[in-house]
Number of protein chains: 2
Amino acid sequence: MSTVPNADPGEDSPAVAAVLDDLAVLAVRRLSAQGDLSLTAAATLSYLDRNGPERLSVLASRQAVTQPSMTQLVRRLEREGLVDRSADDLDGRAVRVAVTDAGRALLAERRRLRRERLTELLGTLSPDELRDLTRIAGEFLPLLRRLLQSEAGE
Amino acid sequence: MSTVPNADPGEDSPAVAAVLDDLAVLAVRRLSAQGDLSLTAAATLSYLDRNGPERLSVLASRQAVTQPSMTQLVRRLEREGLVDRSADDLDGRAVRVAVTDAGRALLAERRRLRRERLTELLGTLSPDELRDLTRIAGEFLPLLRRLLQSEAGE
DNA sequence: GGAAATTACATAGGGAGCTTATGCAACTGC
DNA sequence: GCAGTTGCATAAGCTCCCTATGTAATTTCC
């Protein structure tokens, strides 16, 4: 498959696994609000915001969902005015999906809300704990990013 | 709302919040497999495994879903033989939900699979990175757990 | 002790979001 | 220019969440 420099990572994984699990719970249970976008919807909008308009099928493989799923998602997003569809100039079959201003505004608001909720949570920690967390998060970030993106493919 | 010992978490919070947010999203995507249990299903089974049989409504509030949602989930789990239902001896209205041997076996298998996936991921790191990651994860975990339990309220 | 209120769960209906299977129109290759 | 491939849409079905509502068992209160 891919590069596997180490034969056996050993018995250390449980701690890492627990952290990842807890982070997943944090994201899904604690950070998502009521009428929030789904994970895929948010990631898709965010991708379109960062990278510009893209074809539907490309968005599907990016988000690791099937093409019909992305068709449905784009339809819902379009219905809510968050994306636009247009025909591709070069290929009559293709659909070009673009984020709208309303979509960008929603993304910004969503980010603000999630940061706010997280900041509230952080407020429950003591100053010492917060300082530790800040330091640890700073160290953890690059490693975890490498870990999680290692098989991201694209 | 709740205890807010710190008036202002300081200027570091937004940065930490951003980091945790990104990591959490990545973690969700990387950890869930194909025919995997949903977050709620896994958490419910796991809870029953650790704490023994419990009432349906208690499970619902534990998982922060509505009672009808838990009724449905338990029905699905029962259909797949992962849990048992029985009437409460003391209260004729109540339903006692218990994990079955098959449920415990599935939990074990799920843990094995996730550990396997994680091991693959960890294999892409260098020995030094792996050592750092393990150390940092060990420090991170207690803080993260405190963060997640801060407003758990039952 | 019996009617009234409450509690524990089930049911009905609906939407999001994922899947596989299939259809169709547009592009590509020979 | 027909055949095969590609890009997307549609259909049918499942999970998993919701709100609204029903029902039976328990508790409360007169």
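Owing to the predicted nature of the structure, the values given are computational and were not obtained by experimental measurement. Proteins come first, then strands; the chains are lettered A, B, ... in the order of their sequence lines, and each starts at number 1.
Side chain B:Arg93 to base D:dT26: no donor-acceptor pair is found below 3.5 Å. At a cut-off of 3.5 angstrom, counting only N and O atoms as typed in the model, there is a donor on one side and an acceptor on the other between the side-chain of A:Gln67 and the base of D:dA9.
Following rounding to the nearest Å, A:Gln63 (CD) and C:dC18 (P) show an atom-to-atom distance of 9 Å. If you take CG of A:Asp88 and P of D:dC8, they are 8 Å apart, rounded to a whole angstrom. In this structure, B:Arg76 places its CZ atom 13 Å from C1' of C:dC18, rounding to the nearest Å. One atom, CD of A:Glu80, and another, C1' of C:dA16, lie 10 Å apart when rounded to the nearest Å. With rounding to whole Å, A:Leu59 atom CG is found 16 Å from C:dG17 atom C1'. Computed from coordinates, the A:Leu39 CG to C:dG17 P distance equals 11 Å when rounded to whole Å. Note: CD (A:Gln72) to C1' (D:dC14) measures 12 Å, nearest angstrom. Across the protein-nucleic acid pair, B:Leu73 atom CG and D:dC18 atom P stand 11 Å apart, rounded to whole Å.
Among the heavy atoms of the strands lying under 4.0 Å from B:Arg55 are primed sugar atoms or P, OP1, OP2 only; no base atom is included. Looking at heavy-atom distances under 4.0 Å, B:Arg75 makes contact with sugar-phosphate atoms alone, never a base. Counting non-hydrogen atoms under 4.0 angstrom, B:Thr66 reaches a base of the nucleic acid.
Not one N or O on the side chain of B:Thr100 forms a donor-acceptor pair closer than 3.5 Å with the backbone of B:Asp84. Between the side chain of B:Arg146 and the backbone N or O of A:Thr124 there is at least one donor-acceptor pair closer than 3.5 Å.
For A:Ser57, no side-chain nitrogen or oxygen approaches OP1 or OP2 of D:dG7 to under 4.0 Å. For the OP1/OP2 pair of C:dC18 and a distance below 4.0 Å, the side-chain nitrogens and oxygens of A:Thr40 include at least one atom meeting the criterion. Taking 4.0 angstrom as the limit, B:Thr71 places a side-chain polar atom (N or O) nearer than this to OP1 or OP2 of C:dA10. Put simply, A:Ser38 has a side-chain N or O that comes within less than 4.0 Å of OP1 or OP2 on C:dG17.
Using a 4.5 Å heavy-atom threshold, the side chains of B:Thr44 and B:Met70 count as touching.
Under the 4.5 Å side-chain contact rule for hydrophobic residues, B:Leu59 and A:Val28 do not share a cluster.
Mapping A:Asp36 and B:Val95 onto DNA chain C via the closest heavy atom, the residue that lands nearer the 5' end is B:Val95. Projected onto DNA chain C by closest heavy-atom contact, A:Asp91 and B:Pro68 fall at different nucleotides, the more 5' of which corresponds to B:Pro68.
The B:Arg79 side chain lies nearest to D:dT15 when the options are D:dT15, D:dG7, D:dA12.
With no hydrogens or angles considered, a side-chain donor-acceptor pair links B:Arg50 and B:Ser46 at under 3.5 Å.
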